Amino acid sequence: MKILVVEDEKGLAESITDYLSREGFICEVANTFWQADEKISLYQYDCTIVDLTLPDGNGFDIIQTLKKIAAATGIIIISARNTLEDKLKGLEIGSDDYMTKPFHLSELNARVKSLIRRRNFGGNNDMIWKDIRVNLPARKVFIKDIETTLSKKEYDLLLYFLSNIDVALTKESIAEHLWGDNMDSADSLDMVYSHIKNLRRKIVEKGGKDYIQSIYGIGYKFTAP
Amino acid sequence: MKLLEKASRIYLLASLLIYVAVGVAFFWIIKFMIYDEVESRLMVEKQDFETYIRSNDTWSNNSYFVENKIEVVPVFGRFDNKVAFTDTLISNRYDETADPFRQLTFYTLIGGSPYRVAIRKSMIESYKLIEAISAAMIAFLGLLLVSTFLFHRVLSGKLWKPFYDSLARIKDFDWTKNKPLETVRSEITEFNELGDVMEKMASKMQHDYRSLREFTENASHEIQTPLALINARVEQFIQSKDLGENHTYWIEEIYHAARRMSRLNQGLLLLAKIENQQFTEQEDLDLSELALNKLKDFEDILQHKEIGLTVQSTGSFRKVMSPALADILLTNLISNAIRHNYTGGELRLESGADYVQVSNTGNPLKSDPERLFERFKKESAGAESLGLGLAIVKEICDNCELGISYQYEEPIHSIRITG
């Protein structure tokens with residue numbers, strides 16, 4: 001899977017590529033509009049992550065070009081601008097997702113994966129990891145082929161974990177993934193804790209292993225014990 | 001009063017006065033000229049009379065003067081020897097009417113004894129002439145007045161039309177939109193100059209508005225990008241396997257501070273945007289229904305904090321405002337009511353035709369309720385609260401012409417938004 005990261009802030013571009021490379025993606029970076037323009041006309045990417053504000057051009061123009069020459073490429077906008085107009089315009093011209101800076105790399109990773117899944121299989125596939133199988137279209141979860149009923153939030157949480165295997169996730173990123181930006185309070189971190197507890201219990205009950213590892217002070221990691 | 005109406009009135013009044021003055025003056029001039037003519041003819045007759053008397057030294061009323069218009073009356077006693085013109089009415093010989101005459105009276109000696117001589121001339125014809133001229137004058141002046149008045153009205157209407165058209169366009173002008181102001185061009189230099197000035201001002205306004213807007217957005221971008229970098233670096237850093245307890249503590253602190261700063265930045269930008277009225281789209285919204293839907297987003301946390309929810313609605317509160325602002329308003333109100341609630345507390349949403357009220361149980365305020373809506377006014381020292389939520393609520397209310405009031409009745413805090 002090839003991903004192009006169009007971002008003028010070199011440090012951020014590096015962070016994104018490092019993070020996504022760890023997940024097995026092949027990443028390329030374009031720091032300027034013209035680099036990006038050149039790359040999209042030369043190579044094919046499965047997914048493009050585009051910053052809207054570039055020193056020598058506008059990210060929207062890259063998206064429009066991309067849509068003309070490679071309509072199958074998934075597009076995620078990352079922007080510091082969080083106006084509704086920008087979001088709507090982004091979706092209008094064919095981007096698949098819009099993330100406002102600052103974002104969590106884990107969230108970006110989850111969205112890239114979900115986007116590629118949707119693009120490649122139309123969402124009609126199972127997500128399998130160890131003895132966990134998730135049937136995405138039906139939103140059903142099987143542990144060792146036994147169906148487990150999860151609440152909506154627990155299901156979202158599991159999917160988030162499955163998109164970020166072996167990655168330390170902060171409590172904040174989990175809270176934001178589940179409830180959005182509005183829920184910035186100490187309570188949401190408590191809620192994360194209780195949802196994690198429930199999810200862990202449900203997996204273990206069905207004979208799965210305890211995959212959720214707590215990292216002191218930071219958050220959680222989904223990993224094979 | 002409209003300019004056209006005012007101008008018409010002044011014009012009408014002024015021309016009426018001038019016409020009346022002209023009419024009166026004309027009347028007097030004609031009258032003077034006719035009198036002058038009559039009097040000079042009377043003087044000529046007087047000379048004729050005197051010449052006749054001098055040569056004949058006698059007078060008989062049936063002499064060569066055809067009309068009996070010379071009256072010679074002997075005078076006895078004292079008399080004032082002077083020549084005078086007078087107006088007099090003499091009854092007509094044939095019918096009962098009295099006709100106007102101009103009369104010249106003088107004294108003379110006929111056959112040695114003094115006589116008072118009065119020579120008269122009929123003014124009937126002259127008066128008729130004056131009447132006819134006056135009537136014609138009044139008719140012509142009236143016609144002139146009406147026609148020039150109408151002409152003036154039509155002409156002014158035509159002349160001022162570009163002005164009124166431009167005015168309408170200026171009224172419709174919206175500096176938050178990209179469409180430039182275009183005034184109506186005409187042949188009149190002043191209007192074109194006014195139009196040029198207005199267009200310049202409008203484009204300056206649009207330009208300033210745009211640059212302000214760009215500035216806020218760029219400021220956001222400039223600050224959010226390094227914050228995104230900090231976040232990303234921290235996320236990368238925590239992936240390392242050999243982190244000590246001390247390290248994770250520091251990292252968490254850095255992470256928290258960066259996220260807090262980012263939220264603070266977003267909050268302040270939001271306030272600036274509301275103040276700059278950058279939320280221009282308007283929709284007819286049902287705030288009661290929106291609030292009810294918004295509560296669904298908070299179901300989890302309500303459940304988690306074991307907060308009892310009561311919803312009471314007696315009508316729908318409709319308001320034309322920006323949907324984005326309505327959403328922020330309600331989100332902030334509800335999350336405020338949850339944040340300052342205690343476990344096992346209560347949250348009440350009431351709405352009617354002209355209000356929405358969010359009430360929650362909570363500890364009494366430690367500070368002045370008046371300052372509740374100020375920026376960075378925090379009730380709890382808790383680092384999670386930014387102290388911007390209610391300031392944003394207040395700002396939205398001020399901008400959308402909504403009323404806001406706070407009430408506390410132990411242990412219920414209520415914030416009421418009224419239309």
Side-chain angles (χ1 to χ4, degrees), chain A residues 7-16 18-19 22 51-53 78-86 99-109 151-153 166-173 176 178-191 194-195 215-219 221, chain B residues 213 217-218 220-240 243 245 247-253 255-256 258-260 262-263 266 269-270 273 278-279 281 294 297-298 300-301 303-305 322-324 331-332 334-335 338-339 343 382-386:
Chain A
E7 165 64 60
D8 59 315
E9 181 73 31
K10 289 206 171 74
L12 192 56
E14 189 194 296
S15 286
I16 295 171
D18 277 4
Y19 199 95
R22 275 170 48 107
D51 183 13
L52 287 186
T53 330
I78 47 171
S79 172
R81 304 203 292 239
N82 68 344
T83 59
L84 195 64
E85 294 116 81
D86 278 333
M99 293 178 78
T100 309
K101 285 182 191 173
F103 49 81
H104 299 279
L105 291 174
S106 44
E107 179 70 38
L108 177 65
N109 179 37
S151 74
K152 188 181 173 298
K153 293 291 175 204
D166 261 337
V167 171
L169 297 173
T170 60
K171 288 170 283 184
E172 286 84 358
S173 88
E176 233 172 78
L178 294 182
W179 294 288
D181 303 351
N182 299 334
M183 216 58 86
D184 277 302
S185 73
D187 297 315
S188 61
L189 300 184
D190 290 349
M191 284 154 65
S194 72
H195 281 303
I215 308 167
Y216 176 78
I218 291 175
K221 187 190 258 189
Chain B
R213 201 189 152 121
E217 271 169 21
N218 290 344
S220 154
H221 184 250
E222 293 308 317
I223 296 171
Q224 298 293 63
T225 305
L227 284 171
L229 184 58
I230 296 175
N231 260 337
R233 291 306 196 194
V234 168
E235 268 192 88
Q236 278 181 286
F237 191 46
I238 58 172
Q239 306 305 331
S240 24
L243 286 178
E245 208 166 282
H247 297 130
T248 56
Y249 175 72
W250 290 335
I251 289 166
E252 205 196 354
E253 289 290 295
Y255 188 62
H256 257 294
R259 292 188 49 68
R260 212 173 126 65
S262 146
R263 272 165 44 215
Q266 279 170 349
L269 273 167
L270 178 62
K273 278 183 183 172
Q278 288 184 8
F279 293 89
E281 78 276 43
K294 202 79 226 166
D297 294 350
F298 291 88
D300 280 341
I301 194 158
Q303 211 178 351
H304 175 76
K305 282 189 93 173
S322 150
T331 304
N332 280 359
I334 296 170
S335 73
I338 293 172
R339 177 173 296 142
T343 311
E384 287 300 327
S385 168
L386 293 174

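Just so you know, these numbers use all the heavy atoms, side chains as well, and skip hydrogens, waters and symmetry mates. Numbers restart at 1 for each chain; the letters A, B, ... are given by sequence-line order, proteins then strands. Worth saying up front: this structure is predicted, and the values here are computed from it rather than measured.
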Check your understanding: Minimum heavy-atom separation for A/Leu105 to B/Glu235, with atom names?
Key -> N-OE2, 2.6 Å
Revision key, fill the gap. If one checks every heavy atom of A/Ser106 against chain B at 4.5 Å, the contacting part turns out to be both
Check your understanding: What part of B/Gln266 gets closer than 4.5 Å to chain A, counting heavy atoms only: side chain, backbone, both or neither?
Key -> side chain
Exercise for review: Heavy-atom distances under 4.5 Å only: say whether B/Phe279 touches chain A with side chain, backbone, both or neither.
Suggested key: neither
Exercise for review: With sequence neighbours excluded, tell me which residues meet side chain to side chain donor-acceptor pair (under 3.5 Å) with A/Glu9.
Suggested key: none
Point to revise | Largest heavy-atom contact set with chain A, pairs under 4.5 Å, which of B/Glu245, B/Glu281, B/Gln303 | key: B/Glu245
Practice item. Please report the C-alpha distance between B/Glu253 and B/Arg260 in whole Å, then the side-chain angles of each, then the deciding distance to 0.1 Å, and finally whether the salt bridge (charged side-chain N to carboxylate O under 4.0 Å, His left out) criterion is met. Key: CA-CA 10 Å; B/Glu253 289 290 295; B/Arg260 212 173 126 65; over 6 Å; no
Point to revise | Heavy-atom contact with chain B under 4.5 Å, split by part of A/Phe103 | key: backbone
Review point. Quick one: what part of B/Leu269 sits under 4.5 Å from any heavy atom of chain A, side chain, backbone, both or neither?
Key: neither
Review point. Which answer fits B/Asp300, side chain, backbone, both or neither, if we ask what part of it has an atom under 4.5 Å from a heavy atom of chain A?
Key: both
Practice item. Calculate, to the nearest 0.5 Å, the distance between atoms CD and CZ belonging to B/Gln239 and A/Arg22 respectively. Key: 5.0 Å
**Study point:** Inter-residue atom distance A/Glu176.CD - A/Ser188.OG, 0.5 Å rounding
**Key:** 9.0 Å
Check your understanding: Who passes side chain to side chain donor-acceptor pair (under 3.5 Å) against B/Asn332, sequence neighbours left out?
Key -> none
Study note, to complete from the structure: Most contact-rich option vs chain A, by heavy-atom pairs under 4.5 angstrom, among B/Lys273, B/Lys305, B/Glu222, B/Arg233, is B/Arg233
Study note, to complete from the structure: Heaviest contributor of heavy-atom pairs below 4.5 Å to chain A, chosen from B/Leu227, B/Asn231, B/Ile223, B/Ile238, is B/Ile238
Check your understanding: Going by atom types only, do A/Ser173 and A/Glu107 share a side-chain donor-acceptor pair under 3.5 Å?
Key -> no
